[in-house]
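Data first, discussion second: the structure below is written as structure tokens.
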Number of protein chains: 2
Amino acid sequence: MKTELSKTHLEAWRRYYPSFWRVYAAIEADLDAAKLPSLSWYDVLYQLYMAPERRLRMSELARSALLSRSGLTRLVDRLEKEGVLARKACPTDGRAQHAELTDKGVAVLRKIWPVYRAGIAKYFAAHLSEAEARQVATIFGRVFDAAECKE
Amino acid sequence: MKTELSKTHLEAWRRYYPSFWRVYAAIEADLDAAKLPSLSWYDVLYQLYMAPERRLRMSELARSALLSRSGLTRLVDRLEKEGVLARKACPTDGRAQHAELTDKGVAVLRKIWPVYRAGIAKYFAAHLSEAEARQVATIFGRVFDAAECKE
DNA sequence: GGGATATAGTTGCGTTTGCAACTAAAATCC
DNA sequence: GGATTTTAGTTGCAAACGCAACTATATCCC
């Protein structure tokens with residue numbers, strides 16, 4: 001595994017890293033201003049929305065929503081209390097729980113999305129040409145896949 | 001301010017956003033495994049290291065280290081307790097405090113950097129050609145600058 | 001120059017998160 | 001098939017952060 005770092009690559013990181021935080025904070029601020037839940041909610045609900053039967057096991061959800069297992073447990077506690085998802089025991093594995101999106105969850109997702117989309121457009125997409133967007137997708141798709149398995 | 005979002009741009013976001021979290025988590029994990037302080041420490045110390053006379057006002061530091069003012073106050077509390085920086089009253093403005101990097105702070109910075117650099121190389125740079133790195137720098141420089149002033 | 005306003009930093013408090021330890025249910029192994 | 005190990009999820013606890021309120025100093029404006 002190579003650990004050298006060219007000046008060019010370092011420069012790329014030095015711009016990429018803080019820009020992410022700014023964009024992220026700006027989008028969160030917009031959601032908050034619209035009295036909507038934060039991106040962590042959206043991430044979980046969206047993963048469920050995409051999943052077959054709108055349900056996932058807790059551990060799968062933790063992985064795809066980029067949270068620790070304990071972090072997810074607490075987040076699902078809050079989401080369940082709000083009624084946007086429900087825990088269901090897994091019929092085939094007594095240890096497992098499924099988190100299942102409710103209709104209310106779908107509705108919440110649909111309320112968040114316009115604001116989220118506008119944030120992505122304003123703080124991110126507005127500064128990329130179509131060609132650049134394609135490149136960014138390619139590059140970070142690669143980065144994402146490589147980071148899947150640790151080390 | 002445009003808020004439409006092409007499929008291409010959306011796809012770019014959908015790869016960019018989670019890849020950042022994975023890379024970030026992987027680097028933090030490496031730092032933690034090496035019993036080194038986290039990136040938030042590095043960010044603050046590095047900003048001071050780059051600043052004239054290795055010192056910055058709290059509010060400047062908060063902005064450049066991407067933290068809220070209160071968050072910075074607490075972080076500087078911890079850093080000061082570790083002796084890697086020191087608060088100094090500002091001679092020209094009785095309200096202001098300077099955070100000033102100590103020699104120990106420089107030493108800590110130098111201990112963190114090799115691990116951080118290796119993380120950037122492994123999880124990020126290894127997946128970008130030189131040309132792509134230049135483009136990423138250009139693109140996210142633009143994104144960063146635009147996000148400077150809200151709305 | 002003195003009262004109103006703005007700015008710098010800190011503090012109280014609540015929220016969110018992760019690690020490590022724990023419980024319970026598979027899966028493995030002899 | 002019963003003991004051991006692994007896996008799924010939860011819980012105790014502490015760390016880190018942000019918002020709103022607060023204190024102290026500076027600036028503005030008449």
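Within every chain, numbering begins at 1; the chains are lettered A, B, ... in the order of the sequence lines, protein sequences first and strands thereafter.
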Worksheet, complete the sentence: Whole-Å distance, A:L67 CG to D:dG9 C1', equals 14 Å

Discussion item. Please confirm whether the ring centroid of A:Y116 lies under 6.0 Å from the ring centroid of A:Y46.
Written reply: no

Item to complete: Without swapping roles, check the side chain of B:Q135 against the backbone of A:E132 for a donor-acceptor pair under 3.5 Å.
Response: no

Protein-nucleotides 22-25 of chain C N/O pairs closer than 3.5 Å?
| residue | atom | partner | partner atom | Å |
| --- | --- | --- | --- | --- |
| C:dA25 | O3' | A:G94 | N | 3.4 |

Worksheet, complete the sentence: SG of B:C90 to CE of B:M58, rounded to nearest 0.5 Å, is 13.0 Å

Fill in: B:I120 side, atom CD1; B:W113 side, atom CH2 - distance, nearest 0.5 Å
4.0 Å

Worksheet item: When rounded to the nearest 0.5 angstrom, what distance separates CZ in B:F144 from OH in A:Y17?
Response: 11.5 Å

Discussion item. Taking 4.0 Å as the cut-off, does a side-chain nitrogen or oxygen of A:R87 come that near to OP1 or OP2 on D:dT10?
Written reply: yes

Worksheet item: Could you state the CE-P distance from A:M58 to D:dT7, rounded to the nearest angstrom?
Response: 19 Å

Worksheet item: Taking for each residue the nucleotide of DNA chain C bearing the nearest heavy atom, is the 5' side occupied by B:G71 or by A:S70?
Response: B:G71

Worksheet item: Nearest of D:dT10, C:dG9, D:dG18 to any side-chain atom of B:S68?
Response: D:dG18

Worksheet item: Can you say whether the rings of B:W13 and A:F124 are parallel (under 30°), tilted (30 to 60°) or perpendicular (over 60°)?
Response: perpendicular

Worksheet item: Taking A:H9 for the side chain and B:R134 for the main chain, is one N or O donor matched with an acceptor at less than 3.5 Å?
Response: no

Practice prompt. Kindly state which residues belonging to residues 35-49 of chain A come within less than 4.0 angstrom of DNA chain D, counting heavy atoms of the residue only, listed by number.
Written response: none

Item to complete: Would you classify B:R78 as touching base, sugar-phosphate or nothing, given that sugar-phosphate means primed atoms plus P, OP1 and OP2, and contacts are heavy atoms under 4.0 Å?
Response: sugar-phosphate

Worksheet item: Just how far, in rounded Å, is P of D:dG9 from CG of A:L75?
Response: 14 Å

Discussion item. Less than 6.0 angstrom separating the ring centers of B:W21 and A:Y24, yes or no?
Written reply: yes

Worksheet item: Which part of the nucleic acid, if any, lies within reach of A:S59 when heavy atoms closer than 4.0 Å are counted: base, sugar-phosphate only, or nothing?
Response: sugar-phosphate

Worksheet item: Starting at CG of B:D32 and ending at C1' of D:dA15, how long is that distance when rounded to a whole Å?
Response: 12 Å

Worksheet item: For B:D77 and D:dG18, what is the distance between atoms CG and P respectively, to the nearest whole Å?
Response: 14 Å

Fill in: Between C1' of D:dA15 and CD of B:E28, the distance in whole Å
13 Å

Fill in: Interatomic distance where CZ belongs to A:R63 and C1' belongs to D:dT7 [whole Å]
14 Å

Worksheet entry | A:L79 CG - C:dT15 P separation (whole Å) | 15 Å

Fill in: Atom pair NZ (B:K122) and CG (B:D30), whose distance is rounded to the nearest 0.5 Å
4.0 Å

Item to complete: Have a look at A:R74 and say if it touches a base, only the backbone sugar-phosphate, or nothing, with a 4.0 Å heavy-atom cut-off.
Response: base

